[in-house]
Structures are given as C-alpha cells and as structure tokens.
Amino acid sequence: MELGVGRIFVSKITEGASAIRKHRTAITTTTTTTTSKAQLRRQIPIEHSAPMAVVSLKASPPNPSWFTPKRLLLIFCVINLLNYVDRGAIASNGVNGSLGTCTESGICTSGSGIQGDFNLNNFQDGVLSSAFMVGLLVASPIFASLAKSHNPFRLIGVGLSVWTFATAGCGISFNFWSITFCRMLVGVGEASFISLAAPFIDDNAPVEQKTAWLAMFYMCIPSGVALGYVYGGLVGNYLNWRYAFWGEAFCMLPFAILGFVMKPLQLKGLTSGDSDKALTVIETAGPMVEEVSNIDDHVLVASDKGSRPSSVSKLSNLFTRFSKDMKVLLVDKVYAVNVLGYVSYNFVIGAYSYWGPKAGYNIYHMNNADLLFGGITVVCGILGTLSGGFILDSMTATISNAFKLLSGATFLGAIFCFSSFCFKSLYGFIALFSVGEILVFATQAPVNYVCLHCVKPSLRPLSMAISTVSIHIFGDVPSSPLVGLIQDNINNWRVTSLILTAVLFVAAGIWFIGIFLNSVDRFNEDFENQVAANTRGSLEPLLEENRNAGPVDSGES
C-alpha cells in the first residue's frame, strides 16, 4: 500500500516537472517568434535578437508613510504661502524703496531699499517685481512634460531647491542684473510646484471635499501676498531688505530637502520615476525592442543592453510628446473655454491689484488707499476662495456645475464691482466692492477643478502649467499697461475703472458657454500606456489613508 502511494507521488512530481518544462518552452517560443500577435499589435521593428530581461510588476507593500492627505495639504499650503510671501516682499520695495535725493544747497540723503542701494529708476524697479514671470512661463511646460518620465515629487524637490538658492541669491546680489537673474530663477523654481501641487491635492482629497481642498490651497495666494508686503516692509525698515530674502530661503529649505529624502509620492496617470529604467525601451520603441509580453504578473522585455537612446533622441521624444499633448489640450473645447474665461478674469484682477490704490486715491481721496485695498483683498480673497470650494462640493463637484458657479459668481460679482465705482460715497463703494470681490474670488477653486478634471490624468500637470502661462501672458501682464494707456487718454479714473470692470462680464459670458458643452470628467480614465496600466498597483499615492482605497468616483457623468 505504501509502495503504491509512493509510486503515485513520484508520478505526480514527474508530471508537474514535465508541465513546467512545457510552460517554459511555450514562453521561449512566444518571446522568440518574430510574428507574434504582440509584435503585430505594436508594430515594433526587429533588427536583431536580444537577451531577455525580466521585470517584476508585483509591487511589495510600501512602508508606512508619515504623510496623510491632510499633512500633505498642510505642507503644500505652507509652500504656496511662502511663494506668495516672496511676491509680496519684492513688491513692497516699490513703496518702501526710494532713490537718494539732494537739495539745491548740496545736502544729500541716501536712498532706501533695493531701489536706493542699486540706484534704480522706476522702470527698473518695476522689472524686479515681474522678472520671475520669465522663468515661470518658460519652465512651467518643461516641468509638466518631465513629470511623464520623472517622479513628480522629486521634480518639486528640484524646483524648491532652485527657488531656495535663487531667493538667497537675491539677498547677496550686487547690482540690477544680478538680482534680476535671481528673480528669474525664482520663477523657474516656482514653476515645478504650481504645475504639480494641485494634481497631488486632487489625487488625495476626499471625494466630497475636492474643491474645498483646492480652495484652501489657493487661499494662500491673497493671504501670502498681503503677509509678504507687511513682512518685506518690516524687515526692510528694521534690518535690511536682504534679510527678508534670506529669511524666505531659510523657511523653504526644509521643504526642498523633504522633496529628496522622503519616499516619493506618485501622481495618478503618470509613470513612476523608479520605473524609468525598465520602461525606457518601451517608450523609445527603437530597434533594440523585440517583444513585450505580460506573463504571470511579469513583463518580459527583450532588449539590447549595449544600445541606449542618445540625448538627442530623448530630447526629440520629449518634444514630440509635448507637441502631441499640446494638440490634445488646444482642441479640447472644455479646456479652451475654461482658460479663455480665466484669462479675461485675470486681466481684471491683475489691473485691480496694480492700479486699485491709485484709482481709489483719485476717486475717493483716500489717504490710506493701499492699506484699505490690501485689507479688502485679503479678507475677501480668503472668504471668497473658501466659499467657492465649499459651495461647489455642496452642489456635487462636476464640470458642468463648476461652469455654473464660475459664470454665476463672476456675473454677480461684476454687477457689485461695477455698481461700487458708480457710488460717490466712500462707504457705499467699500460695501459694494467688498461683496463683489467675495463673489469674484469664489472662482479660484472651480476654475482649477475644471483644469484638473477635463483632461486625462497624465495631462493634468501640463494643463495646470499652460493655464498659468496663459492667464499671465494674456491676462495680468498686459492689463496694467493697457489700463494706464486708457487712463492717459481719458484722464478719468472712475470711467477707466468702469471700463476695466466691464471685462468681468466677458469672463462670465465665456464661462456660461461651458455649461452647454459636452463635458466628461476624465479623473478616473485608464492610463494610455499599457505597461503603466499593468503597474497600477505600484503607482497609487503612497499616503496612509489612500493606500487601501479603491477607485475614486468624481461624480461626473
């Protein structure tokens, strides 16, 4: 009896070994056949045989992450606040800085601030406030494109490092050109953050609070600028303007280091930077690729280790991919309408921030116009931005509802702001203008929600980058000089302010068109790259609260 059992056991082992050999033979045949279905499907040319590399797709359980979604939001809000504190600090020099003067009797007084130390005229002083825009506009699309082949969290670390050193460089600059160059680098550093932070927040926010979380993030813009204005003035008066920049760099340094030492987080729809080496041969689709097959959770990649894509080839691939992605964005009607409305909106807001105090001083004879306008903007900016996010969440956050909120809030806000400039009473102006600004600022979260959800997950960084570039190039950058030109010809600040405010009605009309477009929320759309789809388990955000979460339903039909 025992002998029979032993024979049966040996027989089963032999059959199993034979099955394994047949399975290996089948795999070898599949991977070496030049007319396989996978090759026909991919149409990848084969020039020579190559050794087989095995890449496991089974991700080991990630180590517990210190970051929870709420901590990530808090950190990103602090970073965003520091970015705009810097903008406020450099802008404060426009008021607190002055050239040296000499009387007819020969008594001279030294200048103050950056303008006094470097003997800058008003034009040069104004250049410093907007020089960062050059680096921001150039670098934003670049960082957004790199996010497809490099880990986005690491890119933020690189950007914040550039920002830290550039800000410190502003403090040790020795003339106009040196500080201008450093201000441009500040824009380069900020570019990585503004393109990638919002997608990270959108990935990890609770489904029912997505726009509320975005609102908290964008609330840091008005509050940061106001805080920076006060900070720059106080430090400049009591110490020296250079210490203001050194203080900013010191505060940002821990976050820059964190981007490199912390386990990198992943963005939905983008390939992990850790998998770049394994996926290089797939992305380049050059002659060294023979066949890619998915067998038992492993990818078998036939590659020639002696061949590597050249730098020129990598740059060409990056440019080709960027061109294709740009074409997708430009033909997307929902995205185009959203950005066009945002450009019109920012045209008004940019001119308000620059000319508002001067217009208020001339129309209502305010002695403290800058303080009054600054205070109204801070309070209304915070209330309006938060309200917009929470209202859209309560409506159920969808692209269609976002357009309804954008057009409705902007239209009502335009009515209140336009009416405020018709009042001769200062108190009537303040009351109506405050309500108008609250309504206008309620658009911040919804407009960025549309930018994030109307495109595929892999295009979100580029979507945010192009949106930012567009609203500056066509919005607040040209609006200030154009309003100045109108005022030079009309010479009536009340009429000029009414003409400017009327552009808000244009923004409301553009966003109103978006309500009737066929909008599809693409937040959960499958990855375009088949290999990335197979590795989805390793690309989930490495946050404690999201690790075991299933797919998120954004609520858009």
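This is a predicted model, so every value here is computed, not measured. Any value given below was found using the heavy atoms of this structure, including those in side chains, with hydrogens, waters and symmetry copies removed. By convention here, the first residue in the shown sequence is residue 1.
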(message) Among W511, F512, F505, which residue satisfies the ring pair (Phe, Tyr, Trp, His ring centres under 6.0 Å) criterion with F411?
(response) F505
(request) Would you please name every residue forming a side-chain contact (heavy atoms from CB on, under 4.5 Å) with I438, sequence neighbours left out? (result) C380, L383
(request) Can you see which heavy atom on F143 is nearest to which on G159, and at what distance? (result) CZ-CA, 4.5 Å
(request) Test side chain to side chain contact (heavy atoms under 4.5 Å, CB included) on L462 and V455 and set out the steps. (result) CA-CA 10 Å; L462 185 62; V455 299; over 6 Å; no
(request) I would like to know whether Q444 and Y345 meet side chain to side chain contact (heavy atoms under 4.5 Å, CB included); could you show each step before the answer? (result) CA-CA 10 Å; Q444 285 295 313; Y345 164 89; 3.2 Å; yes
(request) Determine whether D393 and E208 make a side-chain contact, defined as any pair of heavy atoms from C-beta on separated by less than 4.5 Å. (result) no
(request) Go through the structure and list residues passing ring pair (Phe, Tyr, Trp, His ring centres under 6.0 Å) with Y84, not counting sequence neighbours. (result) none
(request) Determine which pairs satisfy side-chain hydrogen bond (donor to acceptor under 3.5 Å, both in side chains) with at least one residue from residues 326-340, sequence neighbours left out, and list them in order. (result) none
(message) So V348 and S479, do their side chains get closer than 4.5 Å, heavy atoms only?
(response) no
(message) With side chain to side chain contact (heavy atoms under 4.5 Å, CB included) as the criterion, how do L82 and F255 come out once you've worked through the C-alpha distance, each side chain's angles and the decisive distance to 0.1 Å?
(response) CA-CA 11 Å; L82 287 174; F255 299 105; 4.2 Å; yes
(request) Could you check if a side-chain atom of I90 sits within less than 4.5 angstrom of a side-chain atom of V186, using non-hydrogen atoms only? (result) no
(request) For residues H453 and D202, determine if any side-chain heavy atom of one lies less than 4.5 Å from a side-chain heavy atom of the other. (result) yes
(request) From the options L253, N83, I79, V158, select the one residue that forms a side chain to side chain contact (heavy atoms under 4.5 Å, CB included) with W163. (result) N83
(request) Calculate, to the nearest 0.5 Å, the distance between atoms OG and CG belonging to S192 and L146 respectively. (result) 10.5 Å
(request) Look up atom CG in L504 and atom CG in L412, then write down how far apart they are to the nearest 0.5 Å. (result) 11.5 Å
(message) So, taking the atom named CG in N204 and the one named CG in L72, what distance separates them when rounded to the nearest 0.5 Å?
(response) 6.0 Å
(request) Drop me the distance from E190's CD to T167's OG1, to the nearest 0.5 angstrom. (result) 9.5 Å
(request) Report the distance from atom CG of L452 to atom OH of Y449, rounding to the nearest 0.5 Å. (result) 9.5 Å
(message) So which atom in A507 and which in S344 form the shortest heavy-atom distance, rounded to 0.1 Å?
(response) CB-CB, 3.7 Å
(request) Would you check if V339 and L329 make a side-chain contact, meaning some heavy-atom pair closer than 4.5 Å? (result) no
(message) Can a donor-acceptor pair be found, under 3.5 Å and without considering hydrogens, that links the side chain of T443 to the backbone of V440?
(response) yes
(request) Locate the shortest heavy-atom distance separating V162 from L185; write the atom from each residue and the value. (result) CG1-O, 3.6 Å
(request) Report the relative orientation of the aromatic rings in F217 and F193; use parallel for angles under 30°, tilted for 30 to 60°, perpendicular for over 60°. (result) tilted
(request) Looking only at non-hydrogen atoms, find the nearest pair between C77 and C220 and report the distance. (result) O-SG, 3.3 Å
(message) Do V337 and F403 have side chains that approach each other closer than 4.5 Å (heavy atoms only, starting at C-beta)?
(response) yes
(request) Compare all side-chain heavy atoms of T398 with those of D521 and state whether any distance is below 4.5 angstrom. (result) no
(request) For Y352 and T501, test the side chains for any donor-to-acceptor distance below 3.5 angstrom and give the result as yes or no. (result) yes
(request) For residues S140 and I194, report the shortest heavy-atom separation together with the two atoms involved. (result) OG-CD1, 3.8 Å
(request) Say whether, by atom type as modelled, one donor and one acceptor occur between the side chain of S463 and the main chain of L459 under 3.5 angstrom. (result) no
(request) Report the C-alpha separation of V138 and V188 in whole Å, then their side-chain angles, then the decisive distance to 0.1 Å, and conclude whether the side chain to side chain contact (heavy atoms under 4.5 Å, CB included) test is met. (result) CA-CA 8 Å; V138 172; V188 172; over 6 Å; no
(message) Donor-acceptor pair, distance only, cut-off 3.5 Å: does the side chain of T410 make one with the backbone of S407?
(response) no
Pair up each side-chain donor or acceptor in residues 464-478 with any protein partner under 3.5 Å, not counting sequence neighbours, and list the distances.
{"unit_1": "T468", "atom_1": "OG1", "unit_2": "M464", "atom_2": "O", "d": "2.9"}
{"unit_1": "S470", "atom_1": "OG", "unit_2": "I466", "atom_2": "O", "d": "2.7"}
{"unit_1": "H472", "atom_1": "ND1", "unit_2": "D476", "atom_2": "OD1", "d": "3.1"}
{"unit_1": "H472", "atom_1": "ND1", "unit_2": "D476", "atom_2": "OD2", "d": "3.0"}
{"unit_1": "D476", "atom_1": "OD2", "unit_2": "N346", "atom_2": "ND2", "d": "3.3"}

(request) First locate atom CE of M216, then atom CZ of F76, and finally report the distance between them rounded to the nearest 0.5 Å. (result) 15.5 Å
(message) Does F250 have more than 12 heavy atoms from other residues, nucleotides or ligands lying within 6.0 Å of its CZ?
(response) no
(request) Mind listing the closest non-hydrogen atom pair of Y231 and A89 along with its distance? (result) CD2-CB, 4.4 Å
(request) Please collect all side-chain hydrogen bond (donor to acceptor under 3.5 Å, both in side chains) contacts where either partner lies in residues 212-227, sequence neighbours excluded, each pair once. (result) Q209-W213, Y218-N448
(request) Check whether any side-chain heavy atom of V343 sits under 4.5 Å from a side-chain heavy atom of I510, and report yes or no. (result) no
(request) Just jot down the salt bridge (charged side-chain N to carboxylate O under 4.0 Å, His left out) partners of D86, sequence neighbours excluded, or say none. (result) R183
